[in-house]
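Worksheet for the structure shown next.
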2 protein chains.
Amino acid sequence: MKIIPNLSVDCVVFGFDLTKLNILLTKRELRDPETDALLFTDYTLQGHHVLENEDLDNAANRVLKEKTGLDSIFLEQFHTFGDTDRIKNPKDMLWVKNIYPTVTNQVITVGYYSLVNSAKIHPDKKHEDTMWFPAENLPELGFDHAEIIDKALSCLRIKLSREPIGFELLPEKFTLSQLQILYEAVLGRKYDRRNFRKKITQLKYIIPLDEKQTGVAHKPAQVFIFSKDVYERTKKDKLGFPI
Amino acid sequence: MKIIPNLSVDCVVFGFDLTKLNILLTKRELRDPETDALLFTDYTLQGHHVLENEDLDNAANRVLKEKTGLDSIFLEQFHTFGDTDRIKNPKDMLWVKNIYPTVTNQVITVGYYSLVNSAKIHPDKKHEDTMWFPAENLPELGFDHAEIIDKALSCLRIKLSREPIGFELLPEKFTLSQLQILYEAVLGRKYDRRNFRKKITQLKYIIPLDEKQTGVAHKPAQVFIFSKDVYERTKKDKLGFPI
DNA sequence: TCAATAAATGTATTAATTACACAATGCAAA
DNA sequence: TTTGCATTGTGTAATTAATACATTTATTGA
């Protein structure tokens with residue numbers, strides 16, 4: 001399959017480990033082709049060129065599948081980055097010249113973000129250079145990926161404050177505290193415990209189970225599930241979080 | 001300047017005529033190259049391929065300038081359409097074959113919407129095929145432009161409900177009724193007159209002038225202006241730290 | 001001067017948001 | 001077995017925002 005040289009997708013994979021928001025990044029190294037000396041190392045998003053005759057959304061799904069092993073996860077297109085000087089940093093220009101010498105210097109990239117429960121991505125031999133970083137504390141990034149991540153996060157915030165997509169970041173069964181920590185981590189603010197629970201428990205699509213948390217050294221919490229089904233049917237009762 | 005054959009921008013130009021929301025469309029005709037018989041006619045958005053070495057945002061601005069004469073108006077990227085079967089309607093395939101025989105059949109297009117006060121676009125000899133249609137009552141559209149318009153409108157609604165961008169659609173001086181009609185037209189719902197005014201008049205960045213509407217056959221309304229300046233400053237105030 | 005039109009205005013009701021503190025549970029360590 | 005620790009689970013009052021609703025006023029044109 002031939003790539004389309006001037007078009008790529010980049011995926012910002014957000015993960016939540018029940019504590020904080022993380023972003024999946026892949027280590028990039030450039031070595032001198034002659035001396036093998038390490039020229040630089042940094043981290044990048046999961047991206048790849050779109051293939052000829054491939055839908056854009058499929059390209060994003062393919063990249064995710066290849067880089068994380070995950071299939072059919074939440075994926076949302078958020079912005080397309082098309083400045084001609086996107087690749088302007090000397091290290092990036094060097095990298096492109098070495099790795100993709102055939103690629104035009106004007107590549108536009110379509111940004112997607114996806115939401116996964118971090119536990120689902122195991123540290124994998126095949127992808128040992130790919131790992132989670134706290135969204136609050138990212139390493140040095142390549143290309144314009146810092147900008148792409150900023151935009152992804154601000155789009156995610158708007159989306160999360162309007163639609164119940166946070167469950168994509170949680171295990172199927174979760175506690176209300178976990179849900180609250182998730183909202184706080186993504187939206188970057190705190191909520192009052194009782195007010196948060198009051199709001200959540202009046203949503204019919206967040207359903208309490210007859211089941212408790214196990215293996216914790218304190219009072220175990222009740223566990224809940226999110227019903228997409230009930231949500232779709234009752235979309236009228238809206239979820240709105242003031243940011 | 002050479003075009004990039006697989007990349008275009010399409011602009012959904014929204015206009016408001018103090019009554020309803022309109023969309024600017026350009027008539028498209030295809031005639032048989034031999035008999036000159038009219039094969040079909042419909043309407044399309046303002047779009048064009050991106051040029052080599054042109055920033056995406058610049059391409060959108062260029063298209064607007066070319067098609068409407070307008071410069072530096074509100075322009076917002078909202079979605080990129082990249083399905084391989086975007087052009088699947090027989091009439092569109094025929095059109096591409098006739099008009100752009102060199103263009104690959106896989107073109108992705110980046111959607112922008114822009115907001116203008118309709119009065120600013122005069123019916124112009126140079127662009128007599130370009131005209132306004134009520135957003136509620138559009139003619140037959142080419143390509144996937146109906147889908148693009150739907151998405152543009154839903155993105156505009158989200159944006160308008162979060163940020164004061166409606167003023168881009170109004171003349172500099174406007175009345176509160178005009179503003180209300182605008183919000184109703186875009187968001188597709190009605191507001192109570194007194195409640196709407198109560199809400200608006202407590203915003204510091206919507207400033208009453210010592211001036212009244214003239215030439216109307218009823219009690220003239222007070223006129224207001226929007227101060228982007230005040231808005232930017234008061235927005236920042238919200239981010240202050242409590243002591 | 002009258003009719004028509006849209007502007008301007010206030011109050012009461014309901015709903016949503018915010019602020020706030022302590023007892024109960026289960027595990028782990030002593 | 002007792003005690004300490006960590007976290008869950010809960011209610012009420014105060015504030016703010018959203019909603020519903022009707023009459024008088026200024027201007028133009030007939």
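Just so it is clear: chains get the letters A, B, ... in the order the sequence lines come, proteins before strands, and each one is counted from 1.
- For B/P220, taking side-chain heavy atoms from C-beta onward, the closest of the listed nucleotides D/dC21, C/dG26, D/dT27 is D/dT27.
- Contact annotation: B/K219 does not reach the phosphate of C/dA8 (side-chain N/O to OP1 or OP2, under 4.0 Å).
- The side chain of B/R193 approaches C/dT9 more closely than any other nucleotide in the set D/dT27, C/dT9, C/dC20.
- No donor-acceptor pair under 3.5 Å is formed between the side chain of B/T175 and the backbone N or O of B/Q222.
- Between A/D192 and B/V223, the residue anchored closer to the 5' end of DNA chain C is B/V223, taking for each the nucleotide with the nearest heavy atom.
- A salt bridge links B/K159 to B/E76: at least one charged side-chain nitrogen sits closer than 4.0 Å to a carboxylate oxygen.
- Taking 4.5 Å as the limit, some side-chain heavy atom of B/L179 sits within range of a side-chain heavy atom of B/F196.
- Among the heavy atoms of the strands lying under 4.0 Å from A/Q222 are primed sugar atoms or P, OP1, OP2 only; no base atom is included.
- Ranking C/dA12, C/dA28, D/dG9 by closeness to the B/K198 side chain, first place goes to C/dA12.
- Across C/dT5, D/dA20, C/dC20, the shortest atom-to-atom separation from the side chain of A/N195 is found for C/dC20.
- Note: NZ (B/K212) to P (C/dA8) measures 7 Å, nearest angstrom.
- Summarising the geometry, the separation between OH on B/Y191 and C1' on D/dA20 is reported as 16 Å, rounded to the nearest angstrom.
- Rounded to whole angstrom, the span from the CD atom of A/Q178 across to the P atom of D/dA6 amounts to 19 Å.
- Separating the CZ atom of B/R197 from the P atom of C/dA6 is a distance of 14 Å, rounded to the nearest angstrom.
- Separating the CZ atom of A/F174 from the P atom of D/dT7 is a distance of 20 Å, rounded to the nearest angstrom.
- Under 3.5 Å, the side chains of A/T26 and A/T130 contain a donor-acceptor pair of N or O atoms.
- Put simply, CZ on B/R189 is 9 Å from P on D/dA20, counting in whole angstrom units.
- In this structure, the CZ atom of A/F196 is 17 Å from the C1' atom of C/dA19, given to the nearest Å.
- Side-chain contact annotation: B/D57 with B/Y112, donor-acceptor N/O pair under 3.5 Å present.
- Counting only heavy atoms from C-beta on, B/H218 has its side chain closest to C/dA6 among D/dA22, C/dA21, C/dA6.
- Note on A/S177: every side-chain N or O is 4.0 Å or more away from OP1 and OP2 of D/dT7.
- Closest contact between the side chain of A/A217 and the listed nucleotides C/dG10, C/dA21, C/dA28 involves C/dA28.
- The nearest whole Å value for the distance from the CD atom in B/Q202 to the P atom in D/dA17 is 7 Å.
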